[in-house]
Amino acid sequence: MRSSSRASADVLSIRALNRATLERQMLLRRAAVSVEEAVERLVGLQSQAPIPPYFGLWTRIEGFVPHDLSRLIEARRVVLIALMRSTIHLVSARDCLALRPLLQPVLERAHQGTYGKRLEGLDPAEIAAAGRALVEERPRTLGEVGALLAERWPGRDPAALSSAVRALVPMVQVPPRGLWGASGPATHATAEAWGG
């Protein structure tokens with residue numbers, strides 16, 4: 001009988017579960033934490049567009065100043081990278097290097113759809129190596145990467161080639177992308193080269 005009452009005491013009500021989730025996401029009240037600590041606690045913020053992370057952090061951090069996040073991006077302590085659902089997320093540099101290998105199989109599977117079919121007969125490792133060399137030479141947009149790779153593989157879809165590189169090579173979007181009031185095009189470097 002005792003174990004039965006103990007089991008029922010461990011069950012959260014819907015409201016308690018809701019409150020616990022909101023608390024974990026820092027959405028019940030603003031927290032007195034640093035920007036980097038908040039980004040790590042959240043395990044990233046969706047960042048398909050550059051401005052939403054600023055609003056997301058403003059709602060969560062007591063006294064948030066947008067330029068604090070911009071300084072972290074410039075200092076390479078937080079980065080924008082394709083992660084969950086192959087969408088761009090703002091994460092700490094530490095989390096970037098830890099999370100990307102875990103999500104790599106999902107990113108590769110997602111690429112095998114439409115774009116992957118357009119590259120049948122090509123060696124993915126060779127595409128990845130060529131793309132890596134291009135963005136390590138200097139940061140480039142995916143459009144630039146695709147156009148340069150299409151010179152090497154004539155007749156292949158440049159968007160499919162750049163998509164392969166995005167899926168196979170951990171790349172971060174470099175500043176001015178993501179900076180408060182100064183965002184630019186999505187220009188990429190490898191996470192390893194950018195993070196040092």
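What you see below is based on every heavy atom in this structure, not just the backbone, and it leaves out hydrogens, waters and symmetry mates. All values derive from a computational prediction rather than experimental measurement.
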Heavy-atom closest pair (G146 atom, L161 atom, distance to 0.1 Å) is O-CD1, 4.3 Å
> Got L80 and H89 here, is their nearest side-chain heavy-atom distance under 4.5 Å?
Replying inline: no
All heavy atoms of C96 vs all of I81, minimum pair found to be SG-CD1, 3.5 Å
Next on the checklist: Count I, L, V, M, F, W, Y as connected when their side-chain heavy atoms are under 4.5 Å apart, and connections chain through other members. Are V174 and L134 then in the same cluster?
Outcome noted: no
When rounded to the nearest 0.5 Å, the distance separating CG of L90 from CG of D95 is 10.5 Å
ask   = In terms of heavy-atom contacts, does CD1 of I14 have more than 12 from other residues, nucleotides or ligands at under 6.0 Å?
value = no
Margin query: Using the rule given for side-chain contact (heavy atoms from CB on, under 4.5 Å), can you reason through E144 versus R138, listing the C-alpha separation, both sets of side-chain angles and the distance that settles it, and then say yes or no?
Written below: CA-CA 11 Å; E144 291 173 304; R138 70 174 175 82; 3.7 Å; yes
Pair R100 + E192, salt bridge at N-O below 4.0 Å:
no
Do V165 and V106 share a hydrophobic cluster (ILVMFWY, side-chain heavy atoms under 4.5 Å, transitive)? no
- prompt: Does a side chain donor of either Q46 or R85 reach within less than 3.5 Å of an acceptor in the other side chain?
  reply: yes
Review point. Does V135 share a hydrophobic cluster with L107, counting links as ILVMFWY side-chain heavy atoms below 4.5 Å and allowing steps through other members?
Key: no
**Request:** Please assess H188 against T141 for the test side-chain contact (heavy atoms from CB on, under 4.5 Å), listing each intermediate value before the final yes or no.
**Result:** CA-CA 6 Å; H188 299 79; T141 65; 5.5 Å; no
Between the OG atom in S163 and the CG atom in L168, the distance rounded to the nearest 0.5 Å is 8.5 Å
- Task: Report yes or no: do I61 and I51 belong to one cluster of Ile/Leu/Val/Met/Phe/Trp/Tyr joined by side chain heavy-atom distances under 4.5 Å?
- Result: yes
L45 backbone acceptor or donor facing S47 side chain under 3.5 Å: yes
message = Check E23 with R29, please: is the shortest side-chain N to carboxylate O separation under 4.0 Å?
response = yes
Worksheet item: Hey, are the side chains of E74 and L179 touching, using non-hydrogen atoms and a 4.5 Å cut-off?
Response: yes
Between the CH2 atom in W153 and the CD atom in E126, the distance rounded to the nearest 0.5 Å is 5.0 Å
Quick one, R30 and W58 - any side-chain contact, counting heavy atoms below 4.5 Å? yes
Check your understanding: Does S86 reach the side chain of R166, with side-chain heavy atoms less than 4.5 Å apart?
Key -> yes
Residues A191 and L97: closest non-hydrogen pair is CB-CD2, 4.4 Å
- request: Tell me, with the steps shown, if L119 and L122 meet side-chain contact (heavy atoms from CB on, under 4.5 Å).
  value: CA-CA 6 Å; L119 300 177; L122 296 182; 4.1 Å; yes
Does the side chain of W180 come within less than 4.5 Å of L69's, by heavy atoms? no
Shortest non-hydrogen pair, A167 vs Q104, comes out as O-NE2, 2.6 Å
If you define the side chain from C-beta out and look only at heavy atoms, does anything of R60 sit under 4.5 Å from L42? yes
In this structure, OG of S34 is separated from CG of L57 (nearest 0.5 Å) by 10.0 Å
- Query: Counting only heavy atoms not in R77, do more than 12 fall under 6.0 Å of its CZ?
  - Reply: no
For H111 and A160, the nearest pair of non-hydrogen atoms, with its separation, is CE1-O, 3.7 Å
So if you build clusters from Ile, Leu, Val, Met, Phe, Trp, Tyr with side-chain heavy-atom gaps below 4.5 Å, do L149 and V169 land together?
-> yes
Note, V33 side chain near M26 side chain (heavy atom, < 4.5 Å): yes
CD1 of I88 to CG of L83, rounded to nearest 0.5 Å, is 8.0 Å
Interatomic distance, CD1@I73 vs NE2@H67, rounded to 0.5 Å, equals 11.5 Å
Requested in this report: State plainly whether the residues E36 and R71 are in salt-bridge range, i.e. N to O under 4.0 Å.
Outcome: no
Here the pair of heavy atoms bringing Q48 nearest to R177 is O-NH2, 3.7 Å
- Where the side chain of R41 meets the backbone of Q25, is there a donor-acceptor pair that is under 3.5 Å apart? no
request  = Show your working on side-chain contact (heavy atoms from CB on, under 4.5 Å) between D157 and Y115 and close with a plain yes or no.
outcome  = CA-CA 8 Å; D157 178 7; Y115 283 132; 4.1 Å; yes
Apart from L27 itself, its cluster of hydrophobic side chains linked below 4.5 Å comprises L22, L28
